[in-house]
Amino acid sequence: MLHLFNTLTGKREPFEPLNPPMVGMYVCGVTVYDYCHVGHARNALVFDVLRRYLEYSGYTVRFVKNFTDVDDKIIARAREQGVPCEAITSRFIEAYYEDMDRLGIRRATEEPKATEHIEDIIRLTEVLIDKGLAYVVDGDVYFNVATYPPYGRLSKRRLEDLQAGARVEVDERKRHPMDFALWKHSKPGEPSWLSPWGPGRPGWHIECSAMSIKHLGETFDIHGGGMDLIFPHHENEIAQSCGATGKEFARFWVHNGFVQVNQEKMSKSLGNFFTIREIFAKSEWPEPVTGEVLRYFLLSTQYRGPVDFSDQALKEAKNALNGFYDLFERLKEPNDTATQGDGDINGVIERARMSFVRAMDDDLNTPMAIAALQGLRGEINKLLASGLSNQGRTQARQAFRTMGKVLGLFQLEAWQFGASFSGLPGHHAAHEREGGASGPTRLSDDEIERLVKERGEARQRKDFKKADEIRRKLSSLGIIIEDKPDGTSRWKR
RNA sequence: GGCGCCGUACCCAAGUGGUAAGGGAGCAGUCUGCAAAACUGCGAUGCGGCGGUUCGAACCCGCCCGGCGCCUCCA
C-alpha cells in the first residue's frame with residue numbers, strides 16, 4: 001500500500017482515497033508570465049509520477065492542475081511589453097505545453113484557468129463574508145485570519161510568530177497583518193470583473209480553493225505543490241476552504257523539494273536558473289533522449305529532498321540510461337537458436353516488480369525504484385548471456401516498459417548514444433567551450449551504414465588496419481561500433 | 001527572531017535501532033583480431049564533529065560545526 005508523507009501531519013501515512021477507486025488530486029500549476037525552468041519541471045514530474053503510480057496501483061485519478069492567468073506579475077509583464085494580458089498568458093501556456101510535452105509530462109484531466117472561474121471565486125468570497133471570516137475595505141476583500149483559529153496548522157506556525165517576523169509593510173486597513181486579499185479592486189488598465197464589491201480581480205490564493213472545490217468537491221484526497229507554497233499559499237487555501245465549507249479540505253498535502261544549483265535554490269532572483277527550453281536547445285542529444293535524461297536525473301533523488309542540477313549530473317543520468325537502452329537493443333535482436341528454459345526469468349521479473357512496488361509505495365522512493373530496475377538489468381544481462389529465447393526477450397523488454405512507464409522511462413524505440421553534450425546554456429562561463437571549429441558532424445544513417453559495411457568487409461579480409469581506421473573515424477564523429485559474435489556490427493550515436 | 005530542511009565513498013544516492021542498497025566514474029580480470037557492450041572482482045571498520053541512551057546507532061537524545069530554505073512573489 002502506498003504511503004505518502006503528509007505535510008499536514010508531518011508523518012508518513014498510508015494513503016487511502018476517500019472514494020476508491022477514485023482519487024482526487026489537485027496540484028498548483030504555474031503562473032503563466034514566463035518560461036518554465038527546471039524547478040517547474042521537477043514539480044510537474046513529481047506529480048506526473050504520483051499520478052502514474054496511482055493509476056498503476058489500480059486507482060482512477062482525477063487530476064486537476066490549474067493555470068494562474070491573472071496576477072500582478074502577468075499585469076506587469078503585459079505592461080512592459082505593451083500587450084494585453086491574454087497575449088502573455090496564451091503565449092506562456094503554449095510554451096508550458098511545449099516544454100512539458102518534451103519531458104513526457106502527461107496532461108492533467110482538468111487544467112482550469114483562474115479567469116474561467118471568476119464566478120466561483122466570487123461565490124466563495126461571498127460565503128466567507130457571510131460567515132464573518134472576511135471583510136470588505138474600499139473594494140478589496142480580506143480574509144480575517146484571527147477568525148480562523150487553526151490558521152498555521154499546515155506550516156506549523158503560530159500567528160504570533162508570524163507577526164514577530166513580518167517583514168512586510170503592514171497595510172493599515174487590514175485588521176491583522178496576516179490577513180490576505182481574496183479580492184482586489186482593479187486600477188485602471190488592469191483586468192477586471194464585476195463583483196458585489198465593485199470591479200476587481202481575485203487574489204492569488206482563492207482561485208485554488210474555488211477551482212479545486214469545483215472540480216474535486218469540498219474534500220478531496222491529495223493537494224500538491226512545491227515546498228515554497230506551504231506558506232502562505234496553502235495555509236491560506238486551507239483557511240479559506242475549511243472556513244467556507246466547514247469541512248476538511250485536502251486530506252494529504254504533498255510537497256516537492258527544490259532544484260538547486262551549487263547548493264542554492266534555483267530561482268529567478270539569484271539568476272541561477274535554466275529554462276527547460278534552454279536545456280533542450282543546447283543539448284546535442286536527440287530531443288526524446290534529452291527529455292528522458294532529465295526525467296532520470298530528476299527521479300534519481302527522492303522528491304522531498306533537494307536535488308542539485310549540473311552538467312555532470314545530466315551526463316551521469318545519460319550514462320546510466322545508456323546501460324538500459326544498450327540492453328534493450330540486444331533484446332531486440334532475435335535469437336533463433338536459444339531454446340532452453342530462459343532460466344528463472346519469471347522469478348527474476350517478479351522479484352524486481354516487488355522491489356519496485358515496495359520502493360514506490362514508500363513515499364515514492366524513486367531512487368530505490370530505479371535501483372530495482374538496475375537490478376533487473378543486471379539479471380537480464382546475465383540471462384541474455386546464457387541464451388534467452390525470443391519470447392524471453394519480449395517478456396523482459398515488456399517488464400521494463402511496464403515499470404518504466406510509471407516513471408516515464410524506457411518507452412523509446414530508438415536511443416542514440418554518444419553525441420557529446422556541450423554544457424549547460426549560459427550562466428557558467430566555464431561550461432561554454434568553444435569546441436574547436438565544429439562540433440560533431442552529423443552523419444546520416446545511410447553514410448554510417450555504408451562505413452560500417454565497408455569496415456565489416458575489411459574485417460572479413462582481416463584488413464584490421466583499414467577496419468580500425470574506419471572505426472576511429474566514426475568514433476571521432478561520436479559513433480560507436482559494437483561487433484556482434486556473428487560477424488556483423490551494431491552502431492550507436 | 002520564529003518555523004523547517006540538509007550533511008553517507010571520487011560523484012549521484014538509498015537506508016531512520018540489528019551491524020552500510022543501487023548507479024556513474026575508476027582499476028583489474030573474462031570475452032574480443034583489437035575494441036565496445038556484457039559479466040566477475042576491487043572500493044566507506046564507517047555515515048559532518050563531540051558526548052549520551054541502548055546488548056546494539058548512520059538511524060534516538062543533547063550540544064557543536066558547515067550548507068540551505070520559508071516567514072515577501074516563487075515549483
Side-chain angles (χ1 to χ4, degrees), chain A residues 7 10 12 27-31 33-34 36-47 68 71-73 76 152 155-158 160-169 178 204 224-233 235 255-260 262-269 273 296-297 300-302 304-308 310 312-313 315-324 326-327 329-330 355 359 362 365-375 377-378 380-382 384-386 417 459 462-465 467-468 471-472 475 480-485 489-492:
Chain A
T7 308
R12 207 170 288 210
V27 173
C28 291
V30 293
T31 300
Y33 74 104
D34 207 344
C36 290
H37 62 232
V38 187
H40 299 106
R42 185 182 196 197
N43 170 252
L45 179 57
V46 163
F47 291 99
T68 296
D71 164 272
D72 290 347
K73 289 190 292 291
S155 54
K156 320 277 183 267
R157 286 153 211 247
R158 294 174 309 167
E160 307 87 79
D161 298 339
L162 289 167
Q163 268 176 279
R167 283 186 268 157
V168 217
E169 227 177 279
M178 293 315 294
W204 175 34
M227 291 269 181
D228 48 2
L229 296 185
I230 294 172
F231 192 90
H233 185 53
E235 195 68 62
H255 294 98
N256 65 279
F258 300 126
V259 175
Q260 309 186 141
N262 299 324
Q263 328 294 337
E264 284 180 320
K265 179 184 175 185
M266 181 181 288
S267 74
K268 297 263 166 147
S269 50
F273 62 94
Y296 189 99
F297 156 67
S300 61
T301 302
Q302 206 267 350
R304 287 192 291 119
V307 56
D308 218 72
S310 70
Q312 191 196 333
K315 279 183 181 149
E316 286 182 3
K318 173 66 163 55
N319 286 341
L321 239 14
N322 283 349
F324 284 103
D326 237 335
L327 167 61
E329 206 57 40
R330 275 173 286 126
S355 306
D362 183 16
N365 194 333
T366 51
M368 218 181 193
I370 286 173
L373 292 165
Q374 290 283 8
R377 179 173 75 96
I380 298 296
N381 265 324
K382 274 180 243 177
L384 204 50
S386 64
F417 300 160
R459 286 180 71 218
K462 303 252 185 265
D463 183 357
F464 296 122
K465 188 162 173 276
D468 289 348
R471 186 170 60 199
R472 260 199 306 280
S475 168
I480 294 165
I481 290 181
E482 294 178 14
D483 296 331
K484 296 192 272 182
S489 310
R490 68 171 87 86
W491 58 271
K492 60 192 182 185

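Chain letters run A, B, ... following the sequence lines, proteins first and then strands; every chain starts at 1. Predicted model only: the values in this text are computed from it and were never measured.
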Exercise. Ion pair present between A/Lys73 and A/Asp34, side-chain N to carboxylate O less than 4.0 angstrom?
Worked result: no
For this session: Grab the CZ-P distance between A/Phe258 and B/C70 for me, whole Å please.
Result: 6 Å
Exercise. A/Val259 near the nucleic acid: base, sugar-phosphate alone, or nothing, with a heavy-atom cut-off under 4.0 Å?
Worked result: base
Exercise. Considering only the C1' atoms, how many Å lie between B/U16 and B/G7, rounded to the nearest integer?
Worked result: 15 Å
Exercise. Does A/Arg471 make a side-chain donor-acceptor contact with the base of B/C34, cut-off 3.5 Å?
Worked result: yes
Exercise. Using the C1' atom in both, what is the distance from B/A9 to B/G51, to the nearest Å?
Worked result: 26 Å
For this session: Using only heavy-atom distances, decide whether a donor-acceptor pair under 3.5 angstrom links the side-chain of A/Arg459 to the base of B/G33.
Result: yes
For this session: For nucleotides 11-23 of chain B, just jot down a letter per nucleotide in 5' to 3' order: B, S or -, based on protein non-hydrogen atoms under 4.0 Å.
Result: BSSSS-----BSB
Seminar exercise, completed: Ranking B/C70, B/C39, B/A38 by distance to the side chain of A/Phe231, first place goes to B/C70
Problem set entry | Base-pairing mate for B/A20 - Watson-Crick or G-U, with both contacts under 3.5 Å | none
Exercise. Without hydrogens or angle criteria, can the side chains of A/Lys318 and A/Asn322 be said to hold a donor-acceptor pair below 3.5 Å?
Worked result: yes
For this session: Output the single nucleotide from B/A75, B/C73, B/C3 whose closest atom is nearest the side chain of A/Lys73.
Result: B/C73
For this session: Can you tell me, in whole Å, how much space there is between the P of B/C12 and that of B/G2?
Result: 32 Å
Exercise. Given the P atoms of B/G18 and B/C11, what is the spacing between them in whole Å?
Worked result: 27 Å
For this session: Quote, to the nearest angstrom, the P distance that separates B/G24 from B/A20.
Result: 23 Å
For this session: Measure from CG on A/Asn262 to P on B/C68 and round the result to the nearest Å.
Result: 11 Å
Exercise. For the side chain of A/Asp483 and the backbone of A/Ser489, is there at least one donor-acceptor N/O pair under 3.5 Å apart?
Worked result: no
Problem set entry | Rounded distance in Å between the P positions of B/A57 and B/C47 | 12 Å
Seminar exercise, completed: Side-chain atoms of A/Lys382 come closest, of B/C71, B/A75, B/U40, to B/U40
For this session: Just compare B/A38, B/C68, B/A75 and give me whichever is closest to any side-chain atom of A/Asn381.
Result: B/A38
Exercise. Between A/Lys156 and A/Thr7, is there a donor-acceptor pair closer than 3.5 Å when you use the side chain of the first and the backbone of the second?
Worked result: yes
Exercise. Out of B/A36, B/C34, B/C73, which has the shortest distance to the side chain of A/Pro232?
Worked result: B/C73
Exercise. Hey, is the side chain of A/Lys492 poking within less than 4.0 Å of OP1 or OP2 on B/A37, counting only N and O atoms?
Worked result: no
Seminar exercise, completed: Whichever of A/Asn319 and A/Arg330 has the more 5' nearest nucleotide on RNA chain B, that residue is A/Asn319
For this session: Measure from the side-chain N and O atoms of A/Arg490 to the backbone N and O of A/Lys484, and report whether any donor-acceptor pair falls under 3.5 Å.
Result: no
Problem set entry | Pairwise C1' distance for B/U30 and B/C55, with rounding to whole Å | 46 Å
Exercise. Quantified in whole Å, what is the C1' atom distance between nucleotide B/U45 and nucleotide B/G56?
Worked result: 16 Å
